[in-house]
Amino acid sequence: MKIVYTDVLVIGGGLAGLRIAIGARRRGHDVIILSLVPPKRSHSAAAQGGMQASLGNVIKGQGDNEDVHFEDTVRGSDWGADQDVVRMFVNTAPKAVRELASWGLPWSRVQQGDRQVIINSQKVTITERAEAQGLVAQRDFGGTKKWRTCYVSDGTGHAMLQTMSDQAIGEKIPVHERAEAIALIHDAGRCYGAIVRNLVTGELSAYVAKATAIAAGGAGRLYRVTTNAVICEGIGAAIALETGVATLGNMEAIQFHPTGIFPAGILVTEGCRGDGGLLKDVDGHRFMPDYEPEKKELASRDVVSRRMEEHIAKGKGVQSRFGEHIWLDITLLGEKHIKHNLREVYDICHHFMGVDPVKDWIPVRPAQHYTMGGVRTNHTGESPTLKGLFAAGEAACWDMHGFNRLGGNSVAETVVAGMIVGEFIADFCDKPANDVNIPTGLVHEVLRAEQAKLDTLLGGKGTESGDALKQRMQEIMTAKVGIFRRGEDLKSAVEELEQLLLRSRNIGLRYKARGANPELVTAYRVQKMLKLALTVSYGAYTRTESRGAHFRQDFPRRNDAEWLKRTLATWRNPGDSMPTLNYEPLDVTKMELPPGWRGYGAKDYIDHPDTPQRAAEVEALKQKMAAAPRFDFQEALLPYKDKLPPRFRGRNERIDEMSPNEAAK
Amino acid sequence: MSEAAVQAPKPATGDSAVHRELKFHILRYNPQEPGSVPRLQTYDLEEADGMTLFIALNEIKEKQDPSLQYDFVCRAGICGSCGMLINGRPTLACRTLTKNLDAEITLAPLPFFELIGDLSVNTGKWMRGMSERLAGWLHPKDPDRSIDRLEERMEPELADRIYELDRCIECGCCVAACGTARMRQDFVGAVGLNRVARFRIDPRDKRTDEDFYELIGDDQGVFGCMSLLACHDVCPKELPLATQIAFMRRKMVSIGWK
């Protein structure tokens with residue numbers, strides 16, 4: 001049996017994992033990254049549209065700053081987000097954009113002077129400032145007050161991943177490719193690394209580390225219709241859940257993207273609508289202004305997706321042999337814009353559908369897109385219950401997204417969380433008290449237990465098919481735990497998923513090779529995925545309110561009085577067939593932005609009893625400090641700077657805020 | 001809604017109810033399995049509407065042969081995992097529609113790269129080695145620039161030109177199609193030369209043409225290219241590879257003459 005020792009074990013080679021690795025490496029710690037695939041193939045590459053950061057360079061972004069980004073993000077989250085974490089995030093996001101620029105990322109830049117854009121289906125001429133010439137440009141995205149989304153044409157995630165991965169290679173950080181963490185090694189509330197399966201040879205090894213970081217992405221493949229890559233099966237979160245100690249937060253918070261191409265579910269970017277594209281129904285009618293007169297196509301994703309499904313339910317969808325869909329019309333943007341700024345969209349339409357979006361409308365329908373929930377962490381990225389286990393990016397519930405994530409905030413989170421959590425991991429490893437002292441006997445025991453599970457699958461006499469169980473799970477999740485949720489559907493989903501989980505303990509294989517064996521991989525993964533599916537569906541069943549992307553037709557109102565709290569799921573015993581749910585209340589009395597109307601979507605909600613008082617406090621302070629600099633007012637409302645690693649506390653320069661930098665020391 | 005009537009695309013016409021019977025001849029070989037020998041194995045599959053090779057191979061694996069190895073990740077033509085030889089030509093399988101192919105389809109792994117098994121090859125290992133060899137990351141002129149300050153300015157047109165070269169997805173098709181690579185295992189390929197060209201036009205990189213000459217000024221680099229142009233023809237991202245190589249060669253020749 002092989003044991004590999006390192007300071008930091010990073011599970012996942014996408015943007016978050018790479019940035020954590022670079023941060024820890026530069027602080028002098030040894031790092032190994034595990035990745036299912038070559039890192040540049042990670043799902044981070046699929047983020048087309050961009051990354052939110054309040055640089056305010058373009059004229060339509062003028063006046064943007066951390067405060068506006070903070071409010072947009074909290075409103076987007078439907079007040080489910082941790083406001084301290086959102087503050088840490090919005091202050092670091094501009095630094096992340098600038099760091100990537102200094103590492104070679106070819107951000108699209110501002111060209112001074114007049115240009116034509118499409119706003120609300122009208123051609124409008126806007127004039128970019130001379131002082132913005134050559135700075136990083138921003139585009140419009142849903143749920144934002146300002147144009148804030150920095151981008152690289154429409155290959156933002158791809159370009160970011162190239163740059164980040166190249167930096168990691170430059171830092172000589174080893175990446176063990178085609179390696180899968182299948183269990184965490186832990187004892188007495190301390191995580192010590194992972195048991196890792198080589199996907200080519202089938203060999204198991206133990207990787208023992210001071211700090212273990214899960215940055216393995218989301219769990220979109222719990223669903224049949226998803227924009228996610230095939231590797232997004234949530235295994236990172238699942239192995240945390242299987243410790244029985246770490247918790248998963250808000251797993252029922254699942255985002256559906258309005259524009260998956262129909263029926264394949266492949267994403268076309270929100271940039272289509274941000275740049276002026278329209279949603280149209282069977283009659284060619286632009287219907288979003290009827291529902292959302294203020295934000296129209298650019299309300300938050302949860303709202304737009306629901307409105308589309310609502311409109312289809314009214315009989316206004318377009319019939320096709322695969323079912324009904326909506327049209328996305330970007331023809332008004334013109335050939336040059338589409339082939340230049342939206343080239344990936346053009347390619348996808350061309351290759352997968354034979355559609356030319358310069359002339360034709362694109363068939364779209366909402367598809368599962370993002371897992372807001374994940375491994376629950378505190379603001380440092382560490383699990384509050386399993387010491388030495390960290391998580392970042394989509395795999396984590398750091399909780400800056402609450403119940404709905406804004407477009408452009410996900411790649412932003414990956415890099416920002418990577419920066420911040422990377423520093424905290426380095427701090428953790430610096431402390432002699434956190435040296436690893438686990439006996440090798442214990443490591444071997446965990447490894448043998450994992451080998452025994454695989455042996456049971458390979459040699460046992462099981463009769464169930466992993467593929468069949470997985471397909472059924474995906475059907476149930478898409479049909480019953482989707483955009484519109486109802487108690488009775490959720491109940492039956494939970495019951496059937498529990499049965500599938502029990503059946504998954506009796507999987508048999510047709511192909512028994514111990515090495516590369518796709519059937520074996522499906523078998524052990526589906527056992528884990530079913531546990532995750534249960535945390536999602538049971539969490540959704542139990543949460544009898546609607547918040548963000550979690551919409552209950554039988555409980556359509558947001559209910560802060562009872563549900564302003566985070567769901568925490570644990571899997572107490574390996575033999576359990578259901579997760580155990582607990583709840584962590586959010587403290588209204590400390591909120592910088594007390595709960596209210598989001599500015600789009602439903603206007604009625606049930607207030608938390610503490611909300612009126614906190615809202616009055618905030619208002620009084622606002623009056624009192626009307627003349628004070630915005631930083632002082634913010635500091636008085638929600639002090640957070642001491643939570644940030646010192647190197648990220650500095651003020652962000654902008655064209656309109658060129659005050660000398662006063663990095664907090 | 002007259003405007004809509006003009007603009008709305010034709011309703012999707014139903015494909016003929018009778019679907020073709022496809023025959024897939026797939027190169028099978030698993031180096032991990034003692035006794036495994038390379039062979040072509042044939043699978044029959046009924047075509048479906050909008051079927052891609054991603055859908056077809058998954059169906060074969062699930063219903064006919066659970067041992068079949070291949071790589072897909074994004075299945076949307078953006079990650080570069082699924083390069084393979086489709087009827088002898090290297091390209092991305094995920095975005096290849098079966099309706100554009102004859103009913104008999106031959107699939108083989110990309111040549112040149114280490115074979116993992118069947119259609120799966122280790123492009124990741126080779127690409128990492130190439131990046132290390134060519135120092136394929138930005139060598140900044142100003143490494144200590146504060147990230148609190150306004151970012152360094154860049155002309156929008158130049159940023160677009162850099163991105164154009166950054167669009168490479170390292171799928172390996174250019175190397176698999178390359179005549180030089182067939183003869184020299186140590187050739188850095190169009191993918192490698194494109195990387196160098198990308199950093200060469202980036203004003204944030206401090207390296208000079210002399211530095212780049214050290215990296216690619218030999219037969220393993222830009223002088224190994226025989227200008228057969230296959231890389232340019234097969235690149236799924238339609239990168240201007242031959243143009244970049246010709247340009248780099250001129251620049252490197254001028255350094256070599258000094």
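It should be emphasised that the depicted structure is a prediction, and the values quoted were computed from it without experimental measurement. Numbered from 1 within each chain, the chains take letters A, B, ... in sequence-line order.
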| query | Of the backbone (N, CA, C, O) and the side chain (C-beta and beyond), which part of A:L105 lies under 4.5 Å from a heavy atom of chain B, both, or neither? | reply |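 Backbone only.
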
| Heavy-atom pair count under 4.5 Å with chain A, highest-scoring of B:E151, B:H139, B:R195 |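 Top count of heavy-atom pairs under 4.5 Å with chain A: B:E151.
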
| Contact winner vs chain A - B:T52, B:D71, B:L68, B:N100, heavy-atom pairs under 4.5 Å |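 The candidate making the most pairs under 4.5 Å is B:D71.
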
| Counting N and O atoms only, with roles assigned by atom type, does the side chain of A:S102 sit under 3.5 Å from a partner on the main chain of A:E99, one being a donor and the other an acceptor? |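 Yes, because the side chain of A:S102 sits within donor-acceptor range (under 3.5 Å) of the backbone of A:E99.
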
| task | Give, for atom CG of B:L107 and atom CG of B:N87, the distance between the pair rounded to the nearest 0.5 Å. | result |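 With rounding to 0.5 Å, CG (B:L107) is 7.5 Å from CG (B:N87).
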
| said: I need the residue from A:G515, A:G466, A:G155 with the largest number of non-hydrogen atom pairs under 4.5 Å to chain B. | reply: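 Ranked by contacts with chain B, first place is A:G155.
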
| message | Please identify, among A:M353, A:R514, A:E344, A:Q133, the residue contributing the most non-hydrogen atom pairs under 4.5 Å to chain B. | response |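 Looking at each option in turn, the highest pair count goes to A:Q133.
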
Interface moiety of [X] toward chain A, non-hydrogen atoms closer than 4.5 Å:
X: B:T96; value: neither
X: B:R161; value: neither
X: B:N30; value: side chain
X: B:D205; value: neither
X: B:E157; value: neither

| said: Can you confirm whether or not the ring centre of B:W137 sits under 6.0 Å from the ring centre of B:F199? | reply: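 Judged by ring-centre distance (under 6.0 Å), B:W137 and B:F199 do not meet the cut-off.
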
